[in-house]
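Worksheet: one structure, shown below.
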Amino acid sequence: KEEYYADVGIQYYVLKGAGLHIDGVFLMHLNNQYVYDGKTLDLEGLFSSSDLTEAAIAYQEEIPEMLAGLKEMLAAADPPGITPSKHCNRPYGCEFWEYCMKGMPDHWVIQLSGIGQKKLDELEEMGIYDIVEIPDGFSLSAIQERIRNCVVNDESYIARGLKEELEDVESPIHFLDFETFALAIPRYAGTRPYQGIPFQWSDHILHKNGKIEHREYLCEEDKDPREEFTLTLLNVLGSRGSIVTYTDYERRIIEALARDHPEHHKPLLATLDRLVDLYKIIRNNYYHPEFHGSFSLKSVLPAIIPEMSYDSLAVQEGQEAGIEYMRMIDPSTPAEEKEKIKKDLLKYCGHDTLAMVRIREALLKLF
DNA sequence: ACTGGTTGAAAATCACGACC
DNA sequence: GGTCGTGATTTTCAACCAGT
């Protein structure tokens with residue numbers, strides 16, 4: 001990747017400047033096609049490296065000038081006058097993002113879902129930062145046009161098909177969410193680097209009579225959780241009823257489980273036909289100005305159900321769940337700490353599935 | 001009959017945003 | 001960080017046309 005050249009170049013500059021003699025510069029890559037056999041890691045297969053010696057040396061001439069520029073910027077009384085845009089988060093997030101964003105409008109043009117740098121530059125050229133100021137003729141995608149309309153008129157968008165799609169399900173309706181962790185160095189036989197390993201599920205089941213039942217699973221031992229995960233999951237899903245998820249992440253995990261566990265292949269594949277993606281339904285059929293351009297559960301939930309916020313949760317996003325789980329199964333974590341993590345994980349995952357129940361319910365009430 | 005340019009459809013690539 | 005679907009953008013390529 002582009003950014004690694006600078007990274008490697010600067011490391012070379014620092015080490016060389018510290019007096020080390022450097023024969024060559026190499027970048028090591030993880031081979032994500034490598035499958036661990038469960039016994040010994042084959043380092044040759046796991047890693048590959050590319051020789052970037054020339055690129056690192058070529059980069060050296062840019063560094064002194066760059067450093068001078070950086071020093072000057074740091075010594076200045078005022079922060080550099082750079083308009084915040086996409087570059088602030090690419091390739092990595094900038095720690096001044098919050099600070100620089102303060103001056104931007106509540107409905108900033110960057111919130112137009114899917115907008116690229118080109119259109120943003122055009123708007124900046126015209127001095128337009130607020131979605132309400134976008135001129136009529138300006139070319140926008142269907143979804144961006146929808147966002148603009150909703151913001152300008154301060155109203156939500158409800159497509160005709162929303163009710164129909166939300167009701168195109170069979171009872172009992174399962175609302176399902178998985179948590180996974182992904183390790184760079186594979187830990188279990190038959191897995192690859194960064195392969196997502198599911199360790200927890202939550203299922204809110206809406207029965208025909210309106211009763212809501214909650215079932216959940218969390219692997220508590222330090223072992224490959226997939227077998228137990230699969231068995232408990234198949235048991236709770238049974239053979240009837242739609243399975244609602246948010247995005248098709250769960251589908252992909254189930255497909256991977258079916259691939260890696262031939263003994264459960266059939267029943268796992270049978271669940272795929274029952275999946276319904278609530279994210280897709282909302283993206284295609286509904287918008288609320290408080291989404292601020294994002295259809296993630298974290299944006300959609302507070303807009304539709306303000307009282308169900310994420311603030312009170314110890315675990316607030318998926319990545320954190322995986323990290324906390326690793327801490328929970330770590331033998332060096334004290335028992336009471338493990339207990340707390342367990343509670344937080346169950347609370348988080350259950351919160352997401354209940355959120356889906358409530359969102360669907362609230363959207364149906366619009367009709 | 002050949003060349004060069006244009007057009008438009010199809011395919012490939014890229015960017016984005018969602019999940020973990 | 002990985003992965004995937006979606007939609008936009010770019011590239012490719014064949015068909016077409018005008019001019020020689």
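Residue numbering restarts at 1 for every chain, and letters A, B, ... go by the order of the sequence lines.
Counting non-hydrogen atoms under 4.0 angstrom, A:F181 reaches nothing in the nucleic acid. Nucleic acid contact for A:L30: none, since no nucleic acid atom lies under 4.0 Å from a heavy atom of the residue. Among the heavy atoms of the strands, none lies under 4.0 Å from A:G322. Across all strands shown, A:S294 has heavy atoms under 4.0 Å from sugar-phosphate atoms exclusively, and none from any base. Within the nucleic acid shown, A:G196 has no heavy atom closer than 4.0 Å to any nucleic acid atom. Base contact: A:Y249 has a heavy atom under 4.0 Å from a base atom. Heavy atoms of A:D277 sit nowhere under 4.0 angstrom from any nucleic acid atom. Among the atoms of the strands shown, none is found under 4.0 Å from any heavy atom of A:E250.
The nearest whole Å value for the distance from the NE2 atom in A:H351 to the P atom in B:dC19 is 14 Å. Residue A:L275 contributes atom CG, which lies 20 Å from atom P of B:dA18 at whole-angstrom precision. Separating the CD1 atom of A:I110 from the C1' atom of B:dA15 is a distance of 14 Å, rounded to the nearest angstrom. Atoms CZ (A:R283) and C1' (B:dG17) sit 8 Å apart, rounded to a whole Å. Rounded to an integer number of Å, the gap from A:L176 CG to B:dC20 C1' is 14 Å. For the pair A:I115 CD1 and C:dT9 P, the interatomic distance rounds to 10 Å; values are reported in whole Å.
Take the nearest nucleotide of DNA chain C for A:K118 and for A:R192: the residue whose nucleotide is more 5' is A:R192. DNA chain C is contacted by both A:Q319 and A:K280; A:Q319 maps to the nucleotide lying nearer its 5′ end (nearest heavy atom per residue).
Aromatic ring centres of A:F229 and A:F178 lie closer together than 6.0 Å. Between A:Y287 and A:F295, the distance separating the two ring centers is shorter than 6.0 angstrom.
Relative to the side chain of A:Y279, the nucleotides B:dC19, B:dA18, C:dG2 differ in distance, and B:dA18 lies closest. Of the candidate nucleotides B:dG17, C:dG1, C:dT9, C:dT9 has the atom lying nearest to any side-chain atom of A:K119. Checking C:dT10, C:dT6, B:dA18 against the side-chain heavy atoms of A:T247 singles out B:dA18 as nearest. If you check C:dT3, B:dA18, C:dA8 against the side chain of A:N32, the one that comes closest is C:dT3. Distances from the side chain of A:T180 to the nucleotides B:dC20, C:dA8, B:dA18 place B:dC20 closest. Side-chain proximity of A:D352 to B:dC16, B:dC20, B:dC19: nearest is B:dC20.
A:K342 pairs with exactly one of A:Q200, A:E324, A:M328, A:K347 by the side chain to side chain contact (heavy atoms under 4.5 Å, CB included) rule, that one being A:M328.
Residues in residues 168-177 of chain A take part in these side-chain hydrogen bond (donor to acceptor under 3.5 Å, both in side chains) pairs, two or more places apart or across chains: A:H174-A:D203.
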- Query: Which is it for A:T180 and A:Y249 under the side-chain hydrogen bond (donor to acceptor under 3.5 Å, both in side chains) test, yes or no, and what are the steps along the way?
  - Reply: CA-CA 10 Å; A:T180 66; A:Y249 184 74; 2.7 Å; yes
- Task: Begin from the C-alpha positions of A:Y217 and A:E228 and carry the test side-chain hydrogen bond (donor to acceptor under 3.5 Å, both in side chains) through to its verdict.
- Result: CA-CA 9 Å; A:Y217 166 77; A:E228 217 170 78; 2.7 Å; yes
